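Following: one structure in structure tokens, then a few remarks.
Small disclaimer: the values here were computed from a predicted structure and weren't measured. Lettering of chains follows the sequences in order, A, B, ..., and the numbering in each one begins at 1.
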Amino acid sequence: MTQNETDISYQIVDPSSDDNIKKEEKNQYEDILKDYFQTDVNLVKLYSEWSKADENFCKIAKDYQGVRMLRQDPVENLFSFICSSNNNIQRISGMIEKLCDTYGTHLLRHEEVSHYNFPTIEALADREVEAKLRVLGFGYRAKFIQQSAAKIVENGGREWLLNLRTLPYNEAKTALMTLPGIGAKVADCICLMSLNHACAIPVDTHVFQIAKSTYMPHLKATKSVTDRGYNEISTFFQNLYGPYAGWAHSVLFSADLRHLKVQVDNKRSSSQSSQDEKPSRAKQKKTRVKSQ
DNA sequence: GGCCGACCTGTGAG
DNA sequence: ACTCACAGGTCGG
């Protein structure tokens, strides 16, 4: 997928199918994408409401339009965020890739690279998973992944997880927190990004800094996020932004991340950053475009 | 109930 | 070369 100012383009790579995409097939892909991007949520209207409620948001929003929560698959989302604890994004991405390559099923080979889907809960529940993930560099998260998978299977597997979409936010969050490796923050990420609980506010180190510096100066003395601080910050943003507070919070979050990214890019050599973009460009040219 | 240190690993700063 | 802090936290004491 690529985007410019006005459009998002997508390409389908499917060796088992011919080049002539059928109309129904095209609609089916677009339905998947519309669901993933939750295009039925009117973001313009929400931005306007949040801007009215919060001067700081209003200031930031101009440069960060169209920040939209994805509706991710809960299984993928849950195990990915178990990997995220006390960790950096680069290593998290690598770990998720390893999960797929090791326990996923093969999808296709494209441009001399094999691609695998995300593993099933059952595959991750196997007893030998912990030891293997340790070897692959998952650290203490290896045990969390295997144990959470086993416990979810016990509870009813994927169906149990999907059912959390139908429960009230607080009940879904509490249920998630019974799983090893899932605390308040990770549970909120899962609620917000894959369980339709748009009011959830994950308070990570970045959100904590934002809250301290801009919204809740009385927290400046506190060094780390305590349970009490977590709930205080969470509640504050929910009251400020309303039922889609989690979406609003992610706008602030992206603005904060951009700030970090720019610093990182400046410190890198220019050859490094231009190399980062080459693979995706080369890939696009050779990819068989079935629909755009 | 709330606070604190340990925890795997990798990386950049000092 | 070599610590040390920190990264989209969680857990047990």
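- Under the ring-ring contact (aromatic ring centres under 6.0 Å, His included) criterion, His218(A) pairs with no residue at all, not counting sequence neighbours.
- Remark: P of dT10(C) and CD of Gln147(A) are 16 Å apart, rounded to the nearest angstrom.
- Against DNA chain B, the stretch residues 211-243 of chain A makes heavy-atom approaches under 4.0 Å through Thr226(A).
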Restricting to nitrogen or oxygen on both sides, can you table the protein-nucleotides 2-4 of chain C pairs closer than 3.5 Å?
none

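- For the P atom pair drawn from dC4(C) and dA6(B), the interatomic distance equals 14 Å after rounding to whole Å.
- Asn231(A) is linked by a side-chain contact (heavy atoms from CB on, under 4.5 Å) to nothing, counting only residues two or more places apart in sequence or in another chain.
- Pairs of residues two or more places apart, or lying in two chains, that qualify as side-chain hydrogen bond (donor to acceptor under 3.5 Å, both in side chains) and include a residue from residues 169-190 of chain A are Tyr169(A)-Asp188(A), Lys173(A)-Asp188(A), Asp188(A)-Tyr230(A).
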Every protein N/O within reach of nucleotides 11-13 of chain C N/O, cut-off under 3.5 Å:
from, atom 1, to, atom 2, distance (Å)
dC11(C), OP1, Gly181(A), N, 2.9

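- Scored by the salt bridge (charged side-chain N to carboxylate O under 4.0 Å, His left out) test, Arg158(A) finds Asp73(A) as partners (sequence neighbours excluded).
- Atom name P, nucleotides dG5(B) and dA5(C): the rounded distance is 13 Å, in whole Å.
- When the side chains of ILVMFWY residues are joined at heavy-atom separations under 4.5 Å, either directly or via intervening members, Met177(A) and Val225(A) end up in two distinct hydrophobic clusters.
- Out of dC8(B), dT10(C), dG8(C), the shortest distance to the side chain of Val186(A) is found at dT10(C).
- Spacing of C1' atoms, dG10(B) relative to dC11(C), comes out at 22 Å, to the nearest Å.
- For Arg228(A), the side-chain contact (heavy atoms from CB on, under 4.5 Å) test picks out Thr226(A), Glu232(A), with sequence neighbours left out.
- Helical stems in DNA chain B, defined as runs of 3 or more consecutive Watson-Crick or G-U wobble pairs with both donor-acceptor distances under 3.5 Å, are listed by first residue as B:3-7 with C:9-13, B:9-14 with C:2-7.
- The environment of Tyr116(A) atom OH is dense: over 12 non-hydrogen atoms of other residues, nucleotides or ligands sit within 6.0 angstrom.
- Straight-line distance from the CD atom of Gln209(A) to the C1' atom of dG8(C): 13 Å, rounded to whole Å.
- Nucleotides dG8(C) and dG2(B), compared at atom C1', are 24 Å apart to the nearest Å.
- In this structure Ala211(A) satisfies the side-chain contact (heavy atoms from CB on, under 4.5 Å) test together with Met216(A), Ile233(A), Phe237(A), sequence neighbours excluded.
- Among the protein residues, Met193(A) comes within range of the nucleic acid bases, having at least one heavy atom under 4.0 Å from a base atom.
- Residues satisfying the salt bridge (charged side-chain N to carboxylate O under 4.0 Å, His left out) test with Asp126(A), not counting sequence neighbours, are none.
- Residues Phe138(A) and Lys98(A) form a side-chain contact, since some pair of their non-hydrogen atoms from C-beta on lies under 4.5 Å apart.
- A heavy-atom distance below 4.0 Å to DNA chain B is reached by these residues of residues 129-143 of chain A, ordered by number: Arg134(A), Gly137(A), Gly139(A), Tyr140(A), Arg141(A).
- The shortest heavy-atom contact between Asn77(A) and Cys189(A) is OD1-O, 3.7 Å.
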